[in-house]
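Below you'll find the structure, written out as structure tokens, and then a few comments.
In what follows, residues are counted from 1 in the order of the sequence shown.
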Amino acid sequence: MHLYHVRMDVDIPRDLDDAVRADIVAREKKYSQELQRSGKWVHIWRIVGQYSNISVFAVDSPAELHEILWNLPLFPYMTIDILPLTAHPSAIEQAA
């Protein structure tokens with residue numbers, strides 16, 4: 001299992017049709033919640049005051065993470081930064 005810290009900054013164009021925006025955001029929520037229920041999207045936190053989040057993904061491969069991210073409905077409007085994670089030798093509890 002590979003763990004990744006992923007920061008997603010969203011910048012939806014202000015002139016995007018309201019109905020299109022609402023549809024994309026609804027599909028994004030559904031997709032992200034499915035991934036959370038599956039255990040792939042382990043954590044998600046909002047960054048205060050921004051349309052951004054910090055998430056942790058647990059996936060089988062970098063290619064799987066790539067596929068997950070590319071399928072996010074908001075992907076075309078995102079800037080994404082990814083950091084691979086590994087266990088720290090001083091950690092009391094080790095991640096799965």
Side-chain angles (χ1 to χ4, degrees):
M1 186 65 55
H2 299 271
L3 293 176
Y4 293 90
H5 165 282
V6 179
R7 177 180 174 142
M8 295 178 238
D9 298 304
V10 181
D11 187 17
I12 300 173
R14 295 191 188 279
D15 61 351
L16 188 65
D17 179 78
D18 288 341
V20 172
R21 175 190 300 263
D23 176 65
I24 292 169
V25 170
R27 288 186 295 116
E28 180 82 11
K29 182 175 184 176
K30 182 178 185 241
Y31 180 61
S32 70
Q33 288 179 345
E34 289 170 359
L35 289 165
Q36 290 172 65
R37 286 185 193 96
S38 77
K40 299 289 182 184
W41 198 322
V42 180
H43 297 284
I44 182 169
W45 294 279
R46 171 67 43 96
I47 299 174
V48 176
Q50 299 179 33
Y51 196 170
S52 303
N53 74 72
I54 299 290
S55 295
V56 175
F57 287 85
V59 293
D60 294 327
S61 68
E64 182 181 20
L65 178 62
H66 178 83
E67 189 69 23
I68 286 169
L69 296 175
W70 272 70
N71 282 301
L72 289 167
L74 284 171
F75 180 82
Y77 309 109
M78 289 182 174
T79 300
I80 299 174
D81 292 311
I82 302 168
L83 296 171
L85 303 173
T86 191
H88 193 285
S90 296
I92 294 172
E93 292 185 32
Q94 297 298 317

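- Note: Ile80 CD1 to Leu74 CG = 10.0 Å, rounded to the nearest 0.5 Å.
- Of all the heavy atoms in Leu65 and Phe57, the pair that sits closest is CD1-CG, 3.7 Å.
- Rounding to the nearest 0.5 angstrom, the gap separating the CE atom in Met78 from the CG atom in Asp11 is 11.5 Å.
- Judged by distance alone, the side chains of Ser52 and Asp9 do bring a donor and an acceptor atom under 3.5 Å apart.
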Steps toward side-chain contact (heavy atoms from CB on, under 4.5 Å) verdict (Thr79, Val10): CA-CA 7 Å; Thr79 300; Val10 181; over 6 Å; no
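- Side-chain atoms of Tyr51 never come within 3.5 Å of backbone atoms of Ile12 as a donor-acceptor pair (strictly under, hydrogens ignored).
- Ser55 and Trp41 get closest at one heavy-atom pair: OG-NE1, 2.9 Å.
- When hydrophobic clusters are built by joining Ile, Leu, Val, Met, Phe, Trp and Tyr residues whose side-chain heavy atoms come closer than 4.5 Å, directly or via intermediates, Tyr77 is grouped together with Met8.
- Closest non-hydrogen pair, Pro76 versus Leu72, comes out as CD-O, 4.2 Å.
- The line from CG of Leu83 to CG of Asp81 is 7.5 Å long, rounded to the nearest 0.5 Å.
- Taking CZ of Arg7 as the reference point, atom CD of Gln50 lies at 5.0 Å (rounded to 0.5 Å).
- Here the CD1 atom belonging to Ile47 is positioned 4.0 Å from the CD1 atom belonging to Ile54, to the nearest 0.5 angstrom.
- Interatomic distance, His5 NE2 to Leu85 CG, rounded to the nearest 0.5 Å: 7.5 Å.
- Remark: the backbone N or O of Ile24 is not paired with any side-chain donor or acceptor of Glu28 at under 3.5 angstrom.
- Counting heavy atoms from C-beta outward, Glu64 and Ile68 have side chains that approach closer than 4.5 Å.
- Checked for salt-bridge contact, Arg27 and Asp23 meet the test: a charged N lies under 4.0 Å from a carboxylate O.
- Put simply, Phe75 and Leu35 are part of the same group of oily side chains (I, L, V, M, F, W, Y) that touch within less than 4.5 Å, one to the next.
- Ile44 and Leu3 end up in different hydrophobic clusters when Ile, Leu, Val, Met, Phe, Trp and Tyr side chains are linked at under 4.5 Å.
- The closest donor-acceptor contact from the side chain of Arg21 to the backbone of Pro13 lies under 3.5 Å.
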Stepwise, does the salt bridge (Lys or Arg N to Asp or Glu O under 4.0 Å) test hold for Lys40 with Asp60? CA-CA 9 Å; Lys40 299 289 182 184; Asp60 294 327; 3.6 Å; yes
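- Taken together through direct or relayed side-chain contacts under 4.5 Å among Ile, Leu, Val, Met, Phe, Trp and Tyr, Leu69 and Val42 form parts of separate hydrophobic clusters.
- Ring pair His43/Trp45 is parallel by interplanar angle, where below 30° counts as parallel and above 60° as perpendicular.
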